[in-house]
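Heavy-atom basis, side chains included; hydrogens, waters and symmetry copies ignored. Chain letters run A, B, ... following the sequence lines, proteins first, then strands; residues in each count from 1.
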Number of protein chains: 2
Amino acid sequence: MINPTKPFFLFANCEIKYSGRARSTLEKGNYVIIRKFDGTLMIHGSTLLKPLNFQPPGATITDNGKIISIRNKESIEIIIFSIIHYYEINDWSNNKIILQDTESDLREQVIKNISLYFKNVKEIHQEFKTRFGPIDLLVIQTDDTNNVIELKRGRAGISACTQVERYLKTFQNKVCGFIMSPTITKGALEYAKTHDITYVAVNFLR
Amino acid sequence: MINPTKPFFLFANCEIKYSGRARSTLEKGNYVIIRKFDGTLMIHGSTLLKPLNFQPPGATITDNGKIISIRNKESIEIIIFSIIHYYEINDWSNNKIILQDTESDLREQVIKNISLYFKNVKEIHQEFKTRFGPIDLLVIQTDDTNNVIELKRGRAGISACTQVERYLKTFQNKVCGFIMSPTITKGALEYAKTHDITYVAVNFLR
DNA sequence: CCATAGATCTCGCTG
DNA sequence: CAGCGAGGTCTATGG
């Protein structure tokens with residue numbers, strides 16, 4: 001029996017059934033099962049980053065012979081045949097990771113060097129709200145040209161182009177579309193060229 | 001010292017630095033560290049489903065006082081202050097999960113009942129290739145009307161609309177756009193209505 | 001709550 | 001290998 005009130009690491013021979021947004025079965029085998037303070041449950045196989053089965057934070061657990069984890073209308077049933085290793089985790093830290101070089105960092109960088117890209121800048125808006133979603137960066141020039149900029153921290157794809165197009169539609173006139181990213185896919189570049197979207201390469205300055 | 005040739009579970013007081021696509025630091029604390037057969041490395045805090053730090057399959061590891069995991073040009077450095085629990089995982093299974101009710105299942109279901117949605121169907125293509133990506137479902141009627149259908153297993157959003165629009169552009173004429181999903185967001189429905197895209201509600205039949 | 005989009009996305013598939 | 005899209009996406013953020 002496991003203690004449902006404590007986070008744990010469990011290595012067990014078991015079989016797993018999931019039902020909720022979708023349905024799944026995992027055949028009998030030896031799997032790693034981890035439960036966290038917030039209810040998070042993960043079942044890991046010996047390869048891949050993603051868990052085979054999981055419950056996001058908020059799940060509750062019971063152990064009456066088989067372990068059952070429930071969250072909203074989703075349930076995971078773990079039929080345990082034998083426990084190989086059980087470890088209760090105490091004093092588990094909950095610090096946040098500090099991440100640099102996100103899309104938001106790239107946006108800050110572009111704003112700081114905005115004169116490299118646009119002349120006569122009157123206004124800069126970040127996450128400018130439109131009825132079709134927020135524009136990463138909206139740069140308005142003194143002649144009232146609206147420059148709609150979509151930033152991508154990695155390689156921009158076709159969907160970045162359609163994102164820009166969608167935001168462009170919320171303006172009547174005097175509007176230009178841009179994609180700014182370190183790289184862009186071939187298909188996206190073709191789409192941009194044929195749809196009046198300008199691609200600008202930008203890199204993280206470290 | 002850990003054994004780099006074996007998968008393991010490690011609970012340790014440590015500090016972590018990551019450098020690669022982005023950069024991050026994780027302050028000193030007690031974290032769960034798991035390494036898999038395929039090189040996968042995960043550092044988990046006491047909450048949330050996703051690891052604080054990670055390396056996808058293919059990473060190699062060394063332990064000379066501090067653990068360093070490297071994959072392509074990315075590295076994770078784990079400075080260990082003390083090992084609280086170390087467990088070497090043997091006979092870890094590698095079975096795949098069998099998932100039902102995916103988008104592909106929904107597509108099969110729609111095809112089986114295609115007469116409910118379209119009359120005089122001549123051809124049905126799945127994942128029909130265009131230069132702007134593959135169309136989930138292309139239904140051609142005897143009058144040569146091309147029905148471009150985008151399926152979503154969950155709630156369709158605005159991006160589903162622009163996906164359809166993008167595929168529509170690869171046809172000259174006789175083309176109609178559809179979104180089929182159990183539900184749709186308000187914004188997406190408004191966008192669809194004003195852009196000549198038809199929304200059709202479909203549910204998983206169990 | 002819902003909606004929207006980012007992510008060190010991951011992962012699978014196809015060319 | 002690149003490109004494209006799904007995902008039980010998850011997670012953060014704003015309305």
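- Residues from residues 150-159 of chain A with heavy atoms under 4.0 angstrom of DNA chain C, sorted by number: A:E150, A:K152, A:R153.
- Sorted by residue number, the members of residues 19-52 of chain A with any non-hydrogen atom under 4.0 Å from DNA chain D read A:R21, A:A22, A:K50.
- Here the range on DNA chain D touched by chain A, meaning any atom under 4.0 Å from one of its heavy atoms, is D:dG3 to D:dG14.
- Of the residues in residues 186-195 of chain B, not one comes within less than 4.0 Å of DNA chain D through any heavy atom.
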Listing time: all N or O pairs from protein to nucleotides 13-15 of chain C that are below 3.5 Å?
none

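- The distance between atom CG of A:D136 and atom P of C:dA5, rounded to the nearest whole Å, is 9 Å.
- Under the rule for a salt bridge (charged side-chain N to carboxylate O under 4.0 Å, His left out), the partners of A:E127 that lie at least two apart in sequence or sit in another chain are A:R107.
- Listed in residue order, the members of residues 161-171 of chain B having a heavy atom less than 4.0 Å from DNA chain D are B:Q163, B:R166, B:Y167.
- Between the P atoms of C:dC11 and D:dT11, the separation comes to 16 Å (whole Å).
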Distance-only criterion, 3.5 Å: show the donor-acceptor pairs between side-chain atoms of residues 9-17 of chain B and protein atoms not counting sequence neighbours.
unit_1, atom_1, unit_2, atom_2, d
B:N13, ND2, B:N30, OD1, 2.9

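- The P atoms of D:dG8 and D:dC4 are separated by 23 Å, rounded to the nearest whole Å.
- Within residues 100-110 of chain B, no residue has any heavy atom closer than 4.0 Å to DNA chain C.
- When the salt bridge (charged side-chain N to carboxylate O under 4.0 Å, His left out) test is applied to B:E77, the partners found at least two apart in sequence or on another chain are B:K66.
- Partners of A:R155 under the side chain to side chain contact (heavy atoms under 4.5 Å, CB included) rule, at least two apart in sequence or in another chain, are A:T183, A:T185.
- Checked against salt bridge (charged side-chain N to carboxylate O under 4.0 Å, His left out), A:R21 has the following partners two or more places apart in sequence or in another chain: A:E74.
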